[in-house]
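Shown next, in structure tokens, is the structure this report addresses.
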Amino acid sequence: MQFAVIGNPIHHSLSPILHNSAFKSLEVVGFYSRYLLENPENFSSLKNLHLTGANITVPFKEIAFKSCNEVFGIAQEIGAVNTLVFEKEKILGYNTDALGFYQCIESLNPKNTLIIGAGGSAKALACILKAKGISTTILNRSQSRLESFIALGFHTATFENFTPKECFDLIINTTPAGLTNDSLPLDSTLLAPLLDSTKFAFDLVYGRETPFLTLAKSLNIPHSDGKQMLINQAILAFEIFMESQKIPINKTILRQSMQTAL
């Protein structure tokens, strides 16, 4: 069985380490690699790779959703998928980002959150927070990306018209700021006061301390990168992959193998 994580950029992804560790620990014959997709118009060409399944990362989660023949669970509301199963001539789509993220912050019991960014990952987080009854505001540079969030009933604002009326228990950066450069997702004059009044800062970027997290750290705000979310969503995705192949697995060994892989 061949699997891959697909995105652009993709060289930084640690997903192969997680999944290949699970294959080894569970004694399942399979291999997981990376695939750089340079042109989103070529998404349908993934069928030619003869993959059993795939994970989708930035910036193709919404394109992947539109390419699926069937979509399951919360992914239907999100409009973005991060997990694909290739079944005969069909592409089946799932979203494990949502639950994988919620497992990270559930113990914080936030009452309200601010999400910076309006891409596929932001939609996943917003929808799971909504499902859990947590008030959520989406803040993005452009208005056009916010329209789908407005249609789902979320509070939204652009950088230009944002006037915070409350303190947020949790602030989440879902933008790629800090992934390939040293930029902040929001001007520091606005971001610093927001972080200074929050209880927790969360960045989906993992593997490095982003400027967003550095700023939170300088303000003595508890914070986390996306490493645990990566592990959580990978465990959920691996379970979907194995279930699609009707391969029983020991979930305790699966979790242990991924937790210790990084």
Side-chain angles (χ1 to χ4, degrees), residues 1-20 22-23 30-73 75-76 78-98 100-101 117-125 140-142 144-145 148 173-181 183 185 203-208 210 226-227 229-231 233-238 240-241 244-245 262:
M1 297 182 294
Q2 175 73 38
F3 301 85
V5 58
I6 296 160
N8 189 351
I10 200 60
H11 67 277
H12 68 285
S13 176
L14 300 179
S15 291
I17 296 175
L18 294 172
H19 286 265
N20 288 325
F23 283 133
F31 182 71
Y32 191 106
S33 59
R34 302 182 187 91
Y35 184 82
L36 175 66
L37 183 63
E38 299 190 54
N39 188 343
E41 294 179 2
N42 294 333
F43 198 91
S44 60
S45 67
L46 296 178
K47 289 183 178 180
N48 300 328
L49 299 178
H50 303 294
L51 297 172
T52 305
N55 288 120
I56 309 299
T57 188
V58 176
F60 301 125
K61 294 179 183 182
E62 290 163 303
I63 295 171
F65 173 85
K66 296 175 182 177
S67 301
C68 288
N69 300 104
E70 294 183 57
V71 177
F72 300 91
Q76 297 178 58
I78 296 169
V81 300
N82 75 313
T83 301
L84 300 179
V85 169
F86 297 94
E87 186 179 276
K88 297 180 181 178
E89 296 302 314
K90 289 184 176 182
I91 300 179
L92 311 181
Y94 306 80
N95 191 298
T96 65
D97 282 335
F101 163 75
S121 295
K123 186 74 68 65
L125 272 54
N140 191 58
R141 185 181 305 278
S142 66
S144 60
R145 297 285 289 178
S148 61
N173 173 40
T174 68
T175 77
L179 175 59
T180 58
N181 54 41
S183 64
D203 198 324
L204 265 59
V205 174
Y206 62 85
R208 61 174 300 185
T210 63
K227 178 182 175 181
M229 177 182 167
L230 172 74
I231 294 172
Q233 65 80 25
I235 291 170
L236 295 168
F238 194 93
I240 290 171
F241 292 151
S244 73
Q245 300 301 303
L262 301 182

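Keep in mind the model is a prediction, meaning the values are calculated, not measured.
Here the OG1 atom belonging to T210 is positioned 9.5 Å from the CG atom belonging to L179, to the nearest 0.5 angstrom. For the atom pair CG of L92 and CD1 of I240, the computed distance is 10.0 Å after rounding to the nearest 0.5 Å. Here S15 contributes atom OG and N20 contributes atom CG; the two are 10.5 Å apart, rounded to the nearest 0.5 Å. Remark: S121 OG to I78 CD1 distance equals 9.5 Å, nearest 0.5 Å. Note that OG1 of T96 and CD1 of I235 are 10.0 Å apart. Values are rounded to the nearest 0.5 Å. I91 CD1 to F86 CZ: the interatomic distance, rounded to the nearest 0.5 Å, is 5.0 Å.
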Run the numbers on H19 and F238 for ring-ring contact (aromatic ring centres under 6.0 Å, His included), then give the verdict. CA-CA 7 Å; H19 286 265; F238 194 93; 5.8 Å; yes
Using the rule given for side chain to side chain contact (heavy atoms under 4.5 Å, CB included), can you reason through D97 versus T83, listing the C-alpha separation, both sets of side-chain angles and the distance that settles it, and then say yes or no? CA-CA 9 Å; D97 282 335; T83 301; over 6 Å; no
Please step through side chain to side chain contact (heavy atoms under 4.5 Å, CB included) for the pair T57 and I10, ending with a clear verdict. CA-CA 8 Å; T57 188; I10 200 60; 3.5 Å; yes
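The two residues G117 and A122 make their nearest non-hydrogen contact at O-CB, 3.3 Å. Scanning all heavy atoms of the two residues, the minimum distance from L18 to A234 falls at CD1-CB, 3.9 Å. Of all heavy-atom pairs spanning K123 and S148, the tightest one is NZ-OG, 3.1 Å. For the residue pair M1 and Q245, the shortest heavy atom distance occurs at SD-CG, 3.6 Å. Nearest approach of K47 to E89, heavy atoms of both residues: NZ-O, 3.6 Å. Scanning both residues, L236 and G100, for their nearest heavy atoms gives CD1-N, 3.8 Å.
A centroid separation of less than 6.0 Å is found between the aromatic rings of F3 and F241.
Panel note: side chain R34, backbone S13; a donor-acceptor pair is recorded below 3.5 Å. In this structure, the side chain of N140 does not engage the main chain of R145 through any donor-acceptor pair within 3.5 Å.
Under the 4.5 Å side-chain criterion, counting only non-hydrogen atoms from C-beta, V85 is in contact with Y94. Residues L46 and I6 meet the side-chain proximity criterion, which asks for heavy atoms closer than 4.5 Å. Using a 4.5 Å heavy-atom cutoff, the side chains of Y32 and V5 are in contact. Using a 4.5 Å heavy-atom threshold, the side chains of Y206 and M229 count as separate. The shortest side-chain heavy-atom distance between S244 and E87 does not fall under the 4.5 Å cut-off. Contact of the C68 side chain with the V81 side chain is registered, since non-hydrogen atoms from C-beta on lie closer than 4.5 Å. The shortest distance between side-chain heavy atoms of L230 and L14 falls below 4.5 Å. With a 4.5 Å cut-off on side-chain heavy atoms, L262 and I231 count as touching.
At most 12 heavy atoms of other shown residues, nucleotides or ligands fall within 6.0 angstrom of atom NZ in K66. Atom CZ of R141 has 12 or fewer heavy atoms from other residues, nucleotides or ligands within 6.0 Å.
One side chain, N82 or Q233, offers a donor N or O that lies under 3.5 Å from an acceptor on the other.
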